[in-house]
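Heads up, the thing below is written out as structure tokens.
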Amino acid sequence: MDKPLTIAMPKGRIFEEAVTLLRMAGYKLPDEFEASRKLIINVPAENLRFILAKPTDVTTYVEHGVADAGIAGKDVMLEEERDVYEILDLKISKCRLAVAGLPQAEIGGVAPRVATKYPNVASKYFREQGEQVEIIKLNGSVELAPLVGLAERIVDIVSTGQTLKENGLVESEKICDITSRLIVNPVSYRMKDKIIEELASRLALVVEGEPVK
Ligand code: PRP
């Protein structure tokens with residue numbers, strides 16, 4: 001048998017949807033998947049090996065080739081521009097990247113400081129808008145920044161909009177829609193083309209709502 005295909009899975013929000021998608025594609029994954037805290041899960045019956053990483057680290061494992069494939073948010077892909085192939089839009093974990101701030105930041109007009117986990121995406125966006133801003137990099141809970149005066153605006157993921165609402169912030173501009181993608185290491189894609197093509201085509205059927213044979 002070929003060496004198992006290693007897939008880097010994002011822990012957290014995307015994880016459950018990604019596991020459901022793989023199961024719908026016909027991969028028999030053990031229950032320990034959701035239950036355990038193991039970081040490497042072998043599924044010999046499917047010739048698959050999963051590594052469980054932080055969502056923002058999935059691209060790193062795939063780029064370095066220690067994972068052949070992975071599931072990563074488009075937000076991370078846009079921010080990092082890694083040397084990986086994006087071969088399928090899985091259409092899960094739908095959300096958007098948006099600009100938000102306190103309501104008065106809109107009226108005031110001058111809002112030069114922008115806090116975000118996505119400094120590259122934010123810089124590019126405001127450059128394209130012809131706006132000069134100072135980008136302040138944060139690692140999470142970005143919505144806090146306008147509340148305590150660190151920045152006038154934020155660039156962040158909006159999913160349900162609950163976090164913005166509960167913190168009295170308003171969305172002003174959508175930058176782009178985001179979903180999770182199946183990504184692959186370029187060398188793996190050449191060496192393990194058949195098994196990767198099979199994974200991608202089985203997942204594509206589920207994404208398109210076709211029955212998997
Ligand atoms: C994400 C995002 C927002 C929130 C949006 O944060 O950065 O804060 O979810 O979701 P909502 O629109 O459904 O409220 P996450 O929970 O991943 O944690 P973080 O802020 O620490 O990055």
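For ligands, and for the atoms within them, numbers begin at 1 and follow the listed sequence.
Of the charged side-chain nitrogens involved, at least one lies within less than 4.0 Å of a carboxylate oxygen, so that Asp89 and Arg181 count as a salt-bridged pair. The pair Glu198-Lys194 fails the salt-bridge criterion, with no side-chain N (NZ, NE, NH1 or NH2) lying under 4.0 Å from an Asp/Glu carboxylate O. The pair Arg153-Glu131 counts as a salt bridge, with a side-chain nitrogen and a carboxylate oxygen less than 4.0 angstrom apart.
For ligand 1, the atoms lying closer than 4.0 Å to a non-hydrogen atom of Thr160 are 11 (P), 12 (O), 13 (O), 14 (O). Near Ser141, with a cut-off below 4.0 Å to any heavy atom, the atoms of ligand 1 are 19 (P), 20 (O), 21 (O). Less than 4.0 angstrom separates some heavy atom of Thr163 from each of these atoms of ligand 1: 4 (C), 5 (C), 10 (O), 11 (P), 14 (O). Atoms of ligand 1 lying under 4.0 Å from at least one heavy atom of Glu143, given by number and element, are 3 (C), 8 (O). Short contacts between ligand 1 and Gly161, defined as distances under 4.0 Å to a heavy atom of the residue, involve ligand atoms 11 (P), 12 (O), 13 (O). Residue Gln162 has at least one heavy-atom neighbour below 4.0 Å for each of these atoms of ligand 1: 12 (O), 14 (O).
For ligand 1, the polar-atom distance check against Asn139 finds no nitrogen or oxygen pair separated by under 3.5 Å.
Counted by atom type alone, Tyr118 and Glu80 present zero donor-acceptor pairs between their side chains at under 3.5 Å. Between the side chains of Arg82 and Thr60, at least one donor N or O lies within less than 3.5 Å of an accepting N or O.
Applying the salt bridge (charged side-chain N to carboxylate O under 4.0 Å, His left out) test to every pair with at least one member in residues 5-29, sequence neighbours left out, gives these pairs: Arg23-Glu34.
For Asn42 (side chain) and Arg49 (main-chain N/O), no donor-acceptor pair under 3.5 Å exists by modelled atom type.
Within the 4.0 Å heavy-atom criterion, the part of Asp156 lying near ligand 1 is the side chain and not the backbone.
Considering Ile178, Thr56, Val58 in turn, Thr56 is the only one that fulfils the side chain to side chain contact (heavy atoms under 4.5 Å, CB included) rule with Val76.
Distances from ligand 1 to the non-hydrogen atoms of Glu166 include no value under 4.0 Å. For Lys117, the heavy-atom gap to ligand 1 drops under 4.0 angstrom.
Ranked by closest heavy atom to atom 1 (C) of ligand 1, the top entry among Arg13, Arg96, Lys165 is Arg13.
For atom 5 (C) of ligand 1, the closest non-hydrogen atom of the protein is Ile157 O, 3.4 Å.
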